[in-house]
Amino acid sequence: MAKALYRQYRPKTFDKVLGQDRVVNVLKNQVKLNKISHAYLFAGERGTGKTSCAKIFAKAINCLNPVDGSPCGKCENCLAIEEETTIDVVEMDAASNRRIDDIRNLKDNVIYPPNKLKYKVYIIDEAHMITREAFNALLKIMEEPPSHLVFILATTEIEKIPQTILSRLQRFEFNKIGRKEIYQQISQILIDKNISMNDDAINLIIKKSNGAMRDALSLLDQVLSLELDNYSL
């Protein structure tokens, strides 16, 4: 099965993240200065790079040889996270793991130190879906977190995150991706695949993506699946 373009071109280092310079610079500096917080919130519209940055940050803080605050991508820790062969970096979808029992199970596991990495990282996507009772259980973990634990919560609806949780997080706001950055990414993909597409067609994809890189690449995927001789309007 062919891998979707947004997965093929998902950034693996901070330098490849487009349109989020402010967020990237702060995260890189934290890695360089070894000032890692125990909890982060990545908030913003869908398709703007929240989960990608969470994965890169998880690699960066565990990397054996970070380069300017970014993961090297070559050490055993980076490879284990990238290949999803480590149990120390856990991705959870809060839409499916939102109940208090799910958070209690998490609480039982986070107390144990990492198996091989430096930090045990929990990336919780769609965090606004967590129930009130489960948030209360999560709050108890955040109040006295073990030193090896890092939470990264991602959400498109920050207003649904309780203030008690927000006060214990470092908050990062992700912007919509600019037209220039989306055009740059689409153009690079077309070059890689030796495909021609006129600017009108590219601009229509950008317009319909509404600042979401993932949506732009999904739309491009659909267009390219037509296997036309000429991609133009």
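Only a predicted model underlies this, so the values are computations on that prediction, with no experimental measurement involved.
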Heavy-atom side-chain contact between Val24 and Lys28 under 4.5 Å: yes
Salt bridge present between Asp215 and Lys208 (N-O < 4.0 angstrom): no
Euclidean distance, Ile141 CD1 relative to Tyr122 OH, rounded to 0.5 Å: 8.5 Å
salt_bridge(Lys160, Glu157) N-O dist < 4.0 Å: yes
Ile56 and Lys16, any side-chain heavy atoms less than 4.5 Å apart: no
Salt-bridge criterion met for Arg46 and Asp125 (N-O under 4.0 Å): no
Main-chain N/O of Asn175 paired with Gln20 side-chain donor or acceptor, under 3.5 Å: yes
Pair Asp88 + Lys118: basic N to acidic O under 4.0 Å: no
Any donor-acceptor N/O pair, Asn62 side chain to Tyr119 backbone, under 3.5 Å: yes
Closest heavy-atom pair and its distance - Leu79, Gly73: CD2-O, 3.6 Å
Atom pair CG (Leu166) and CD (Gln163), whose distance is rounded to the nearest 0.5 Å: 5.0 Å
Side chains of Tyr183 and Asp199, donor plus acceptor under 3.5 Å: yes
Worked verdict on Lys176 versus Asn210 for side-chain hydrogen bond (donor to acceptor under 3.5 Å, both in side chains): CA-CA 8 Å; Lys176 287 186 177 182; Asn210 194 29; 3.2 Å; yes
Shortest non-hydrogen contact between Cys72 and Asn65, atoms and distance: CB-O, 3.3 Å
Same apolar cluster (I L V M F W Y, side chains within < 4.5 Å links), Leu220/Ile195: yes
Any side-chain heavy-atom pair of Thr48 and Glu173 under 4.5 Å: no
Residue pair Ile152 / Val121, side-chain heavy-atom distance below 4.5 Å: yes
hydrophobic_cluster_shared for Tyr9 and Phe14, side chain cutoff 4.5 Å: no
Aromatic ring proximity Phe151/Tyr40, centre distance under 6.0 Å: no
Leu18 vs Lys180, side-chain contact (heavy atoms from CB on, under 4.5 Å): CA-CA, chis, key distance, verdict: CA-CA 10 Å; Leu18 299 176; Lys180 178 181 176 181; over 6 Å; no
Whether over 12 other heavy atoms sit under 6.0 Å from Glu159 CD: yes
Polar contact flag, side-chain donor to acceptor under 3.5 angstrom, Asn77-Lys59: no
Audit row: Gln30, Ile61, side-chain contact (heavy atoms from CB on, under 4.5 Å) steps and yes/no: CA-CA 9 Å; Gln30 289 195 0; Ile61 63 177; over 6 Å; no
Closest non-hydrogen atom pair, Phe57 against Val31: CE1-CG2, 3.8 Å
Between NZ on residue Lys116 and CD1 on residue Ile87, distance to nearest 0.5 Å: 9.5 Å
Close side-chain approach of Val17 to Cys53, heavy-atom, < 4.5 Å: yes
Met142 side chain near Thr164 side chain, heavy-atom distance below 4.5 Å: no
Minimum heavy-atom distance between Ile111 and Asp108, given as atom pair plus value: CG1-O, 3.4 Å
Nearest-0.5 Å distance, CD1 of residue Ile202 to OG of residue Ser187: 4.5 Å
For the student: nearest non-hydrogen atoms of Ser209 and Leu219, plus distance: N-CD1, 4.1 Å
Shortest non-hydrogen separation from Ala216 to Ile205 and the atoms involved: O-CG2, 3.5 Å
Side-chain donor or acceptor of Lys120 paired with backbone N/O of Asn109 under 3.5 Å: yes
Distance, nearest 0.5 Å, that separates OG1 of Thr86 from CG of Asn115: 6.5 Å
Under 3.5 Å donor-acceptor, Lys50 side chain and Glu45 backbone: yes
Residue Glu143 excluded, over 12 heavy atoms near CD under 6.0 Å: yes
Heavy-atom side-chain proximity of Phe42 to Ile123 below 4.5 angstrom: no
Same apolar cluster (I L V M F W Y, side chains within < 4.5 Å links), Leu169/Val110: yes
Close side-chain approach of Ile130 to Ile165, heavy-atom, < 4.5 Å: no
Joint cluster assignment, Val223 & Ile189, ILVMFWY side-chain distance < 4.5 Å: yes
Ile206 side, atom CD1; Ile186 side, atom CD1 - distance, nearest 0.5 Å: 5.0 Å
Modelled atom types, side-chain donor and acceptor of Arg179 and Asn203, under 3.5 Å: yes
Side-chain donor/acceptor of Ser52 to backbone N/O of Gly49, under 3.5 Å: no
hydrophobic_cluster_shared for Met213 and Val23, side chain cutoff 4.5 Å: no
Short N-O contact, Glu82 and Lys55, less than 4.0 angstrom: no
Chi angles and distances behind the side-chain contact (heavy atoms from CB on, under 4.5 Å) call for Lys193, Leu5: CA-CA 11 Å; Lys193 296 187 176 297; Leu5 286 176; 3.4 Å; yes
Worked verdict on Arg168 versus Leu139 for side-chain contact (heavy atoms from CB on, under 4.5 Å): CA-CA 8 Å; Arg168 289 167 172 81; Leu139 179 62; 3.4 Å; yes
